[in-house]
Amino acid sequence: QVQLVESGGGLVQPGGSLRLSCEASGNVFSINAMAWYRHTPGKQRELVASITSGGITNVVESVKGRFSISRDGGAMNAMYLQMNGLKPEDTAVYYCNAYHLLPNGAGRDDYWGQGTQVTVSS
């Protein structure tokens with residue numbers, strides 16, 4: 001089992017910055033990758049950025065150049081999302097996700113944080 005706790009959301013003006021944090025506890029050594037998703041009412045949950053246990057990162061096109069994902073050293077016990085140049089359309093609840101792959105291609109176990117609200121408004 002893995003527990004995830006997000007922090008760092010809030011209200012920011014357009015063009016501003018926020019840094020989200022995700023603290024993982026429990027069986028962190030089983031985590032294969034972590035990611036940030038966001039959800040806006042009426043829309044599907046959207047992947048924003050991800051980082052693997054090997055340190056490979058990916059950021060979706062809509063936030064590329066503005067958002068970056070990182071982790072604390074080489075471990076998967078803390079992950080961050082630096083968000084710069086925020087736009088009103090970035091307003092959403094941001095969720096931390098972690099998963100580990102099950103043996104023999106049986107899928108994966110996903111873990112989710114409780115979410116943190118990010119509101120971009122003047």
Side-chain angles (χ1 to χ4, degrees):
Q1 290 290 323
V2 174
Q3 295 79 42
L4 303 172
V5 178
E6 303 100 332
S7 61
L11 173 64
V12 64
Q13 292 187 341
S17 298
L18 282 175
R19 187 185 193 221
L20 305 183
S21 299
C22 175
E23 301 288 335
S25 60
N27 193 13
V28 298
F29 296 103
S30 71
I31 295 174
N32 293 112
M34 297 180 75
W36 289 99
Y37 286 76
R38 64 186 181 186
H39 181 248
T40 304
K43 296 183 180 180
Q44 286 191 326
R45 188 175 293 188
E46 172 190 25
L47 174 66
V48 177
S50 62
I51 183 166
T52 70
S53 57
I56 297 172
T57 61
N58 180 60
V59 178
V60 298
E61 195 63 34
S62 61
V63 302
K64 196 165 287 185
R66 299 188 297 122
F67 292 11
S68 61
I69 188 170
S70 62
R71 63 181 180 180
D72 194 12
M76 298 296 274
N77 57 348
M79 176 181 66
Y80 310 98
L81 184 68
Q82 179 66 44
M83 305 185 293
N84 300 325
L86 282 161
K87 303 176 181 180
E89 51 263 41
D90 295 318
T91 295
V93 178
Y94 284 71
Y95 295 90
C96 176
N97 164 267
Y99 73 81
H100 69 82
L101 297 171
L102 298 174
N104 304 316
R108 72 189 216 187
D109 279 339
D110 279 88
Y111 304 93
W112 295 92
Q114 81 286 354
T116 185
Q117 176 71 47
V118 171
T119 302
V120 185
S121 175
S122 55

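Remember, predicted model here, so these are calculated numbers, not experimental data.
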*Have a look at Leu18 and tell me which of Leu86, Val120, Leu81 forms a side-chain contact (heavy atoms from CB on, under 4.5 Å) with it.*
Leu86
*asked:* A quick test of your reading: do over 12 heavy atoms of other residues, nucleotides or ligands sit less than 6.0 Å from CD of Glu89?
replied: yes
*Answer yes or no: are there more than 12 heavy-atom neighbours, outside Gln1 itself, under 6.0 Å from its atom CD?*
no
*Can a donor-acceptor pair be found between the side chains of Ser17 and Asn84 at a distance below 3.5 Å?*
yes
*For residues Asn77 and Asp72, is any side-chain donor paired with an opposing acceptor at under 3.5 Å?*
no
With a 3.5 Å distance limit and no angle check, can you tell me whether [X] reaches the backbone of [Y] through a side-chain donor-acceptor pair?
{"X": "Arg38", "Y": "Thr91", "value": "no"}
{"X": "Glu6", "Y": "Cys96", "value": "yes"}
{"X": "Thr119", "Y": "Leu11", "value": "no"}
{"X": "Arg71", "Y": "Ala78", "value": "no"}

So, taking the atom named [atom1] in [X] and the one named [atom2] in [Y], what distance separates them when rounded to the nearest 0.5 Å?
{"X": "Leu101", "Y": "Asp109", "atom1": "CG", "atom2": "CG", "value": "9.5 Å"}
{"X": "Leu4", "Y": "Met79", "atom1": "CG", "atom2": "CE", "value": "7.5 Å"}
{"X": "Tyr111", "Y": "Asn27", "atom1": "OH", "atom2": "CG", "value": "7.0 Å"}
{"X": "Thr52", "Y": "Ile31", "atom1": "OG1", "atom2": "CD1", "value": "12.0 Å"}
{"X": "Met83", "Y": "Ser68", "atom1": "CE", "atom2": "OG", "value": "10.5 Å"}
{"X": "Ser50", "Y": "Asn97", "atom1": "OG", "atom2": "CG", "value": "9.5 Å"}

Taking the side chain as every heavy atom from C-beta outward, state whether [X] and [Y] have any atom pair closer than 4.5 Å.
{"X": "Pro88", "Y": "Ser121", "result": "no"}
{"X": "Trp36", "Y": "Cys22", "result": "yes"}
{"X": "Ile51", "Y": "Ile56", "result": "no"}

Taking every non-hydrogen atom, the tightest pair across [X] and [Y]:
{"X": "Asp90", "Y": "Gly85", "answer": "OD2-O, 4.4 Å"}
{"X": "Leu20", "Y": "Val118", "answer": "CD2-CG2, 4.0 Å"}
{"X": "Ala92", "Y": "Thr40", "answer": "CB-OG1, 3.6 Å"}

*Start with the C-alpha distance between Arg66 and Lys87, add both sets of side-chain angles, then the distance that settles side chain to side chain contact (heavy atoms under 4.5 Å, CB included), and finish with yes or no.*
CA-CA 10 Å; Arg66 299 188 297 122; Lys87 303 176 181 180; 3.8 Å; yes
*Does Tyr37 have its ring centroid less than 6.0 Å away from the ring centroid of Trp112?*
yes
*Pi-cation contact, Tyr99 with Arg108 (under 6.0 Å, within 45°)*: yes
_Could you check whether Arg19 makes a cation-pi contact with Tyr80, meaning its NZ or CZ is under 6.0 Å from the centre of the six-membered ring and within 45° of the ring axis?_
yes
*Can you list the steps and then say if Val48 with Phe67 is a side chain to side chain contact (heavy atoms under 4.5 Å, CB included)?*
CA-CA 9 Å; Val48 177; Phe67 292 11; 3.7 Å; yes
*Transitively linked via ILVMFWY side-chain contacts under 4.5 Å: Val5 with Val2?*
no
*Just do the side chain to side chain contact (heavy atoms under 4.5 Å, CB included) check on Tyr94 and Gln117 with the steps written out, would you?*
CA-CA 6 Å; Tyr94 284 71; Gln117 176 71 47; over 6 Å; no
*Worked verdict on Ser62 versus Glu46 for side chain to side chain contact (heavy atoms under 4.5 Å, CB included)*: CA-CA 11 Å; Ser62 61; Glu46 172 190 25; 3.8 Å; yes
